[in-house]
Amino acid sequence: MEENSLNEKEDIKKSLNFIEQIIEEDLQNGKNENRVHTRFPPEPNGYLHIGHAKSICLNYGLAKRYNGKMNLRFDDTNPAKEETEYVEAIKEDVKWLGADWEDREFYASDYFEQLYQWAIVLIKKGFAYVCELNAEQIAEMKGTPTRPGTASPYRERATEENLMLFARMRAGEFEENTKILRAKIDMESPNMQMRDPILYRIIKKEHHRTGNKWCIYPMYDFAHGQSDYIEGITHSICTLEFEVHRPLYNWFLEKLVKTPYKPRQIEFARLNLSYTVMSKRKLLELVQKNYVNGWTDPRMPTISGLRRRGYTPEAIRMFAEKVGIAKRDNLIDLGLLEFCIREDLNKKAQRAMAVMNPLKVVITNYDDTLTEYLEAINNPEDVEAGTHDVPFSKILYIEQEDFMETPPKKYFRLSPGNEVRLRYAYFIKCNEVVKDENNQILEIHCTYDPASKGGKSPDGRKVKSTIHWVSQQHAIKAEARLYDRLFLAEVPDKTEDGTDYKANLNPDSLIIKDCYVEPYLRNAKSGDKFQFERIAYFCVDPESNEDKLIFNRTVTLKDTWAKINNNE
RNA sequence: UGGCCAGUGGUGUAAUGGUAACACUCCAGAUUUUGGUUCUGUCAUUCUUGGUUCGACUCCAGGCUGGCCAACCA
């Protein structure tokens, strides 16, 4: 009995993902002196996105779970694409997410000399040669997945000549695209990666870290596995497309080092999110062609974009946890990400009242000159959060949607003759609708019940709806940036012939408008998060200042009424 | 006509030879000074065919479907 319940507990706790299972097996077998050491290896050629966040949480989470370490390593082997700006942005994002690489900030470029020496070892062993074919010739002779390749005429070059040519490549004696160093493996391998892959190419560009020291640069394939080896990485976790590269990485290490220790590469399926694109190439295009306002645009799936949108690290970590780790291709519902941020903000965000589409309300039986201060609860989910006062006076704004002259069934809000509660204030009843000559509603006249102060109902009278409001004379005008999904299609890449993902861009992904907020928000600072009751979560934009408050809509509240309305 | 990987509700992830679980979504209801939150309930013969077994999501074989691989990118 006792034993049984213990086992059950363990079963619930267990349920490891397949990578954790592999690690625990390795641990049980005493591999690598029981070390667990992972790394997050971004290329600094763009900003990190939510897919990288999944990888960061995975790598850092594994290190934490098994008392190990996680390195941050920049894969900077291509000076044509990489920039310091990206390095800085990446570091900020990883840190913000809560992953700590301590003092282990590394660069593949730290290992250029070692890699160069290793290339020489391969040449000396007869496993590499300098090839003078051009790009088209190489591609042609590489064959196809169904047709074997053919050998380069330079394949059997003498070792001494290879050594000499490779040295002269490094010395800058040759132009770009005239010579490369290739591994000599197997031109007929069914695995294309093994058909004499390129190790080094000539690139005469300044590198963001090594400056002009080098004019030959190792390919990613020749740098990655060895970098893992140098850093003592035990579990090298990457996405599925590198699965076919694994034999190549193992081949390099097998030829170059003789220790029993080798990094173990494990591949998992990258994150795909509906209504967005994730490839860096496309994100870069959106930025460069100004479809969005930079990498940190709140519509971008970048970590910095999500941050500016109002997402929290906790919500992103929860999301990473919920999407899970597996090897099958997936398309995660954007709704899951939205669930995660609502879940987090519901507990944390202070409540406030704001009116997006104002409708003027005159309380005809309320004193012209009076202002009352009513107590509003900061967060009903968190009693510690306290209260604040909201000014109430004769002329108010309510939401246009919260009044209908001829309401449909199940509409509980304000309408002629109907009574509702103004949150934290009074019950009001609508008596008159004032219109202009075009029959447009100008304002509505209501009476309030003084006995209902604070929104209470001393006689037990029920109202079906509570609506939000602001006092006209006390309200602050602010800018609301209403963000929505960037793409209209669930999978933006699925397009008609002749168009690409950009054809699916949502023209209404950003709507900027004025709104009125209660004076409590006057001193809100960049990054502060609020729930505008009954509307959405908002966060203060970095461009906001005392003269002009700017609120970014993070995510709307769930709207059951909108759903009912749509279904009928 | 190649190689590698993967197929479990609408979505994602579990169950690792003992009779399909959890989360999101959806739908229905309860509660509510946010049509929010919270709570309850409904939703699957595990791609397919055959085999092994007392017993198969799990093991084996064939088929089907999807993804990846032919950058001097990572």
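Just so we're clear, the structure is a prediction, and the values are computed from it rather than from any experiment. Only heavy atoms go into these numbers, but all of them, side chains included; no hydrogens, no water, no symmetry mates. Here is the naming used below: chain letters follow the sequence lines, and residue numbers restart at 1 for every chain.
- Between A/Y249 and A/Y220, the ring planes are perpendicular. Angles over 60° get that label, and only those under 30° would be called parallel.
- A donor-acceptor contact under 3.5 Å is not formed by the side chain of A/R328 with the base of B/G12.
- B/C60 and B/G67 have their P atoms separated by 25 Å, with the value rounded to a whole Å.
- A donor N or O paired with an acceptor N or O is not found under 3.5 Å between the base of B/U37 and the side-chain atoms of A/R342.
- Shown here, B/G29 forms a base pair with B/C39; the pair counts as Watson-Crick or G-U wobble because both key distances fall under 3.5 Å.
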Checklist entry - What string of B, S and - do you get for nucleotides 64-74 of chain B, 5' to 3', when a contact is any protein heavy atom under 4.0 Å? => result ---SSSBSBSB

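- Atom OG1 of A/T556 is separated from atom CD1 of A/I535 by 11.0 Å, given to the nearest 0.5 angstrom.
- Residues A/Y47 and A/E85 bring a donor and an acceptor atom of their side chains to less than 3.5 Å of each other.
- Listed nucleotides: B/A14, B/C5, B/G36. Nearest to the side chain of A/T560: B/G36.
- Of the residues A/K464, A/K462, A/R461, the one that meets the side-chain hydrogen bond (donor to acceptor under 3.5 Å, both in side chains) test with A/E419 is A/R461.
- Contact annotation: side chain of A/E381 to base of B/G36, donor-acceptor pair present below 3.5 Å.
- Note on ring orientation: taking the six-membered ring where Trp is involved, the planes of A/Y501 and A/F487 are tilted (angle from 30° to 60°).
- A/R39 has no carboxylate O lying under 4.0 Å from a charged side-chain N of A/E231, or vice versa, which leaves the two without a salt bridge.
- As rounded to the nearest Å, B/C39 and B/U52 have P atoms that lie 49 Å from one another.
- For the C1' atoms, the distance from B/U37 to B/C47 is 40 Å, rounded to whole Å.
- Remark: B/U45 base-pairs with no nucleotide; criterion is Watson-Crick or G-U wobble with both hydrogen-bond distances under 3.5 Å.
- The gap from the P atom of B/U49 to that of B/A56 amounts to 14 Å, rounded to the nearest Å.
- Close to B/A15, at under 4.0 Å from its OP1 or OP2, lies a side-chain N or O of A/Q21.
- Base-pair partner of B/G9: not found among the strands shown (Watson-Crick or G-U wobble, both distances under 3.5 Å).
- Under the Watson-Crick or G-U wobble criterion, with both distances below 3.5 Å, B/G50 is paired with B/C60.
- A/R246 comes within 4.0 angstrom of nothing in the nucleic acid, heavy atoms only.
- Remark: B/A74 base-pairs with no nucleotide; criterion is Watson-Crick or G-U wobble with both hydrogen-bond distances under 3.5 Å.
- Here the shortest heavy-atom pairing between A/W561 and A/K409 reads CH2-O, 4.1 Å.
- Pairing partner, B/G2: B/C69, with both Watson-Crick or wobble hydrogen-bond distances short of 3.5 Å.
- Distance from the side chain of A/K327 is smallest to B/A6 among B/A23, B/U37, B/A6.
- For the pair A/K322 and B/U11, the criterion of a side-chain N or O lying under 4.0 Å from OP1 or OP2 is not met.
- Spacing between B/U1 and B/A23 at atom P, rounded to whole Å, works out to 45 Å.
- Test A/K453, A/E372, A/K456 against A/Y426 for side-chain hydrogen bond (donor to acceptor under 3.5 Å, both in side chains) and you get one pass: A/E372.
- For A/T146, whose side chain is taken as the heavy atoms from C-beta onward, the closest listed nucleotide among B/G12, B/G35, B/U1 is B/U1.
- Nucleotides B/U11 and B/U16, compared at atom C1', are 24 Å apart to the nearest Å.
- The side chain of A/K462 places no N or O atom within less than 4.0 Å of a non-bridging phosphate oxygen (OP1 or OP2) of B/U32.
- Remark: A/S415 OG to A/F403 CZ distance equals 7.0 Å, nearest 0.5 Å.
- Atom C1' of B/G18 sits at a distance of 37 Å from the matching atom of B/G29, rounded to the whole Å.
- Here the separation of B/A15 from B/A21, taken at their P atoms, is 14 Å to the nearest Å.
- Base pairing analysis places B/U16 opposite nothing; no Watson-Crick or G-U wobble pair with both distances below 3.5 Å involves it.
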